[in-house]
K.L.:
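Questions regarding the structure given below will be posed in turn.
We name chains A, B, ... by the order of the sequence lines, and we start the count at 1 in each one. Computed from a predicted structure; not experimentally measured.
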Amino acid sequence: MDASSQDVARALLGWYDVHARDLPWRARPGCAAPDPYRVWLSEVMLQQTTVAAVKSYFAEFVRRWPSVEALAAADEGEVMAAWAGLGYYARARNLLACAKEVAGRGGTFPADELELRALPGLGAYTAAAVAAIAFGQRAVVVDANVERVVSRLFAVAAPLPGARVAIRRHTDTITPSERAGDFAQAMMDLGATICTPRAPRCLLCPLSASCLARLHAEPEQFPVKAPKKARPQRAGKAFWIERDGAVWLVRRPGKGMLGGMRALPDDGWSARANGNGTPPLMGPWQPGGVVAHGFTHFGLDLHLAVYEGDDWSSLTASEGEWWPLDSIDDAGLPTLFAKAARLALAEAGEVG
DNA sequence: CAGACGTGGTA
DNA sequence: TTACCAAGTCT
């Protein structure tokens with residue numbers, strides 16, 4: 001590490017000592033060492049997810065499952081339901097699988113980055129982050145914040161994702177041996193509050209004197225990104241089947257879209273194709289409203305179809321369950337189907 | 001390696 | 001309203 005790299009780390013840590021965000025999963029300064037369980041849980045929740053969205057989920061998870069052993073013993077359906085609304089549901093499946101692995105080794109997370117990387121749901125970023133934040137290891141932590149800060153600091157002209165190798169090399173250069181966890185969190189706090197995607201607050205930035213983007217061009221021009229592909233628009237149906245104050249819910253297959261989540265029956269829509277219109281039982285159906293929902297890789301117009309018949313005999317318990325409408329909020333429906341349920345209940349309310 | 005994989009907030 | 005963006009991982 002040359003002198004200027006040390007200057008960057010020193011300036012950033014000095015700024016962090018004053019301006020660190022107070023977040024629920026962070027150890028208070030001067031208090032006990034961070035709890036690896038809380039660090040890991042928060043890092044998984046924060047993957048592609050905002051701090052604001054994570055806070056209430058983190059509080060509820062640590063309340064219900066205060067330790068990795070407690071989480072490892074949890075019912076999978078309850079974990080999936082507790083994750084409902086947070087998105088990227090493979091994270092919840094991997095979370096439980098990881099908890100079981102860690103519980104199997106005595107409830108102790110490995111402190112080594114490579115061993116962490118081998119656990120379910122821990123990729124390059126999360127393994128480095130947990131090694132640094134929970135265990136104080138020097139690890140090169142690169143997330144979207146760090147990519148933005150570093151691409152500006154060094155005016156990296158190559159577009160993402162190809163520039164990742166160069167950005168990682170630059171990050172390695174400025175990462176200190178001491179306080180590696182604070183350094184990583186400081187980079188992320190800087191990216192979240194000062195070195196923002198739009199209108200960065202360079203006048204408040206502790207690194208502005210070293211920033212090549214600020215020197216040569218507009219900082220907003222970094223990071224350079226490859227153009228994005230168009231997002232297809234799809235249409236499909238969700239089926240609302242009500243009986244004696246309960247609605248028929250199914251469990252989606254373990255993998256793929258909304259995998260493992262409780263759901264309304266649907267007609268097979270996907271990112272690739274519209275639904276085929278096939279309902280889960282024969283009989284009279286009435287069209288309901290439409291829910292517009294945006295996924296990362298496609299948009300969906302979900303058309304609600306309401307069953308108006310009185311023969312439910314073809315619905316078997318192995319395929320689904322009757323869920324009481326007065327506790328529909330506890331069903332653990334992902335947001336798309338929670339919206340659809342809200343719409344169905346609102347329409348029923350208007351009629352009745 | 002490019003695509004699959006959620007959702008809510010912001011401009 | 002559309003588009004982009006957020007502490008990525010897996011295949």
K.L.:
On a whole-Å scale, what distance lies between the P atoms belonging to C/dA6 and B/dC5?
P.N.:
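Each nucleotide's P atom is 22 Å from the other's.
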
K.L.:
A/R272 or A/T50: which one's nearest nucleotide on DNA chain B is closer to the 5' end?
P.N.:
A/R272

K.L.:
Across the strands shown, which category fits A/A124 at heavy-atom distances under 4.0 angstrom: base, sugar-phosphate, nothing?
P.N.:
sugar-phosphate

K.L.:
Quickly work out the A/L160 CG to C/dC4 C1' distance and round it to whole Å.
P.N.:
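Between C1' of C/dC4 and CG of A/L160: 14 Å.
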
K.L.:
Taking the same atom, C1', in B/dG6 and in C/dC5, what whole-Å distance lies between them?
P.N.:
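Going atom to atom, C1' in each nucleotide, I get 13 Å.
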
K.L.:
Which nucleotide in the list C/dC4, C/dG8, B/dG6 gets nearest to the side chain of A/K228?
P.N.:
C/dC4

K.L.:
In whole Å, what is the span from the CG atom of A/L336 to the C1' atom of B/dT7?
P.N.:
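Taking CG of A/L336 and C1' of B/dT7, I get 11 Å after rounding.
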
K.L.:
Mark yes when over 12 heavy atoms from residues, nucleotides or ligands other than A/D310 sit less than 6.0 Å from its CG; otherwise mark no.
P.N.:
no

K.L.:
NA contact type, A/R93, heavy-atom cut-off 4.0 Å: base, sugar-phosphate, or nothing?
P.N.:
nothing

K.L.:
B/dA2 P sits how many Å from A/F298 CZ, rounded?
P.N.:
22 Å

K.L.:
Hey, which sits more toward the 5' end of DNA chain C by its nearest nucleotide, A/N94 or A/E43?
P.N.:
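Residue closer to the 5' terminus by nearest nucleotide: A/E43.
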
K.L.:
Have a look at A/G191 and say if it touches a base, only the backbone sugar-phosphate, or nothing, with a 4.0 Å heavy-atom cut-off.
P.N.:
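Touches nothing.
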
K.L.:
Look at the side chain of A/R201 and the backbone N and O of A/T193, then say whether any donor-acceptor pair between them is shorter than 3.5 Å.
P.N.:
yes

K.L.:
Is A/T49 side chain donor-acceptor paired with the B/dG6 base, going by distance under 3.5 Å alone?
P.N.:
yes

K.L.:
We want to know whether A/Q47 and A/Y125 form a side-chain donor-acceptor pair, criterion being a heavy-atom distance below 3.5 angstrom.
P.N.:
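There is no such pair (donor and acceptor under 3.5 Å, judged by atom type) between the side chains of A/Q47 and A/Y125.
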
K.L.:
Would you classify A/R164 as touching base, sugar-phosphate or nothing, given that sugar-phosphate means primed atoms plus P, OP1 and OP2, and contacts are heavy atoms under 4.0 Å?
P.N.:
nothing

K.L.:
Does B/dC5 have OP1 or OP2 under 4.0 Å away from a side-chain N or O of A/H297?
P.N.:
yes

K.L.:
Under 4.0 Å between any heavy atoms, over every strand shown, what does A/W25 touch: base, sugar-phosphate, or nothing? Just pick one.
P.N.:
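Touches a base.
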
K.L.:
Using every non-hydrogen atom in the two residues, find where A/L249 and A/R262 come nearest and quote the distance to one decimal.
P.N.:
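Where A/L249 meets A/R262 most closely, the heavy atoms are CD1-CD, 3.8 Å.
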
K.L.:
Run the ring-centre check on A/Y307 versus A/W285 and record whether the distance is less than 6.0 Å.
P.N.:
yes

K.L.:
For a quick check of understanding: with a heavy-atom distance under 4.0 Å over all strands, which category does A/G85 fall into, base, sugar-phosphate or nothing?
P.N.:
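Sugar-phosphate contact only.
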
K.L.:
Mind checking if A/L258 touches a base, just sugar-phosphate, or nothing, with heavy atoms under 4.0 Å?
P.N.:
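Sugar-phosphate: the residue A/L258, judged by heavy atoms under 4.0 Å, touches backbone atoms but no base.
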
K.L.:
Nearest whole Å is fine: how far is C/dA6 P from A/D189 CG?
P.N.:
15 Å

K.L.:
If only side-chain N and O atoms of A/Q48 are considered, is one of them under 4.0 Å from the OP1 or OP2 phosphate oxygen of C/dA6?
P.N.:
no

K.L.:
Between A/L190 (CG) and C/dA6 (P), how many Å, whole number?
P.N.:
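To the nearest whole Å, that distance equals 14 Å.
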
K.L.:
Check for a donor-acceptor pair, side chain of A/R152 on one end and backbone N or O of A/F222 on the other, with a separation under 3.5 Å.
P.N.:
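Looks like yes, one N/O pair under 3.5 Å.
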
K.L.:
Give the nucleotide from the list C/dC10, B/dG6, C/dC4 with an atom nearest to the side chain of A/Y89.
P.N.:
B/dG6

K.L.:
Show your reasoning for whether side-chain contact (heavy atoms from CB on, under 4.5 Å) applies to A/E115 and A/F109.
P.N.:
CA-CA 9 Å; A/E115 287 182 61; A/F109 281 86; over 6 Å; no

K.L.:
Roughly how many Å apart are C/dC10 and B/dC1, using the C1' atom of each and rounding to a whole number?
P.N.:
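Roughly 12 Å separates the two C1' atoms.
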
K.L.:
Between C/dG8, C/dC5, B/dG6, which nucleotide has the shortest distance from any of its atoms to the side chain of A/Y125?
P.N.:
C/dG8

K.L.:
Quickly work out the A/R231 CZ to C/dT1 P distance and round it to whole Å.
P.N.:
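Rounding to the nearest Å, CZ of A/R231 and P of C/dT1 are 13 Å apart.
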
K.L.:
Please confirm whether the shortest side-chain N or O distance from A/H293 to OP1 or OP2 of B/dG6 is below 4.0 Å.
P.N.:
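Answer is no, no contact under 4.0 Å.
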
K.L.:
A/F222 has an atom CZ; how far is it from atom P of C/dC4, in whole Å?
P.N.:
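Between P of C/dC4 and CZ of A/F222: 20 Å.
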
K.L.:
For A/P334, report the nucleic acid contact type (base, sugar-phosphate, nothing); a contact means any heavy atom under 4.0 Å.
P.N.:
sugar-phosphate

K.L.:
I want to verify a distance call: between C/dA6, B/dG3, B/dG8, whose nearest atom is closest to the A/T335 side chain?
P.N.:
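That would be B/dG8.
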
K.L.:
With a 4.0 Å cut-off on heavy atoms, is A/L23 in touch with a base, just the backbone sugar-phosphate, or nothing at all?
P.N.:
base

K.L.:
Base, sugar-phosphate or nothing for A/M257? Non-hydrogen atoms, less than 4.0 Å.
P.N.:
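Touches sugar-phosphate only.
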
K.L.:
Any base atoms under 4.0 Å from A/T126, or only sugar-phosphate, or nothing? Heavy atoms, all strands.
P.N.:
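Counting heavy atoms under 4.0 Å across all strands, the contact made by A/T126 is with sugar-phosphate only.
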
K.L.:
To the nearest Å, how far apart are A/L300 CG and B/dC5 P?
P.N.:
13 Å

K.L.:
Does a side-chain N or O of A/R91 approach OP1 or OP2 of B/dG6 to a distance below 4.0 Å, or not?
P.N.:
no

K.L.:
In terms of side-chain geometry, is the basic nitrogen of A/R138 or A/D172 positioned less than 4.0 Å from the acidic oxygen of its partner?
P.N.:
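A salt bridge links A/R138 with A/D172.
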
K.L.:
C/dA6, B/dT7, C/dT9: which one has an atom nearest the side-chain heavy atoms of A/A144?
P.N.:
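Looking only at heavy atoms from C-beta outward on A/A144, the closest nucleotide is C/dA6.
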
K.L.:
Would you mind telling me which of B/dT7, C/dG8, C/dC5 lies closest to the side-chain atoms of A/F295?
P.N.:
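Of all the options, the side chain of A/F295 is nearest to B/dT7.
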
K.L.:
The side chain of A/K229 lies closest to which of these nucleotides: B/dG6, C/dC10, B/dG3?
P.N.:
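Of all the options, the side chain of A/K229 is nearest to B/dG3.
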
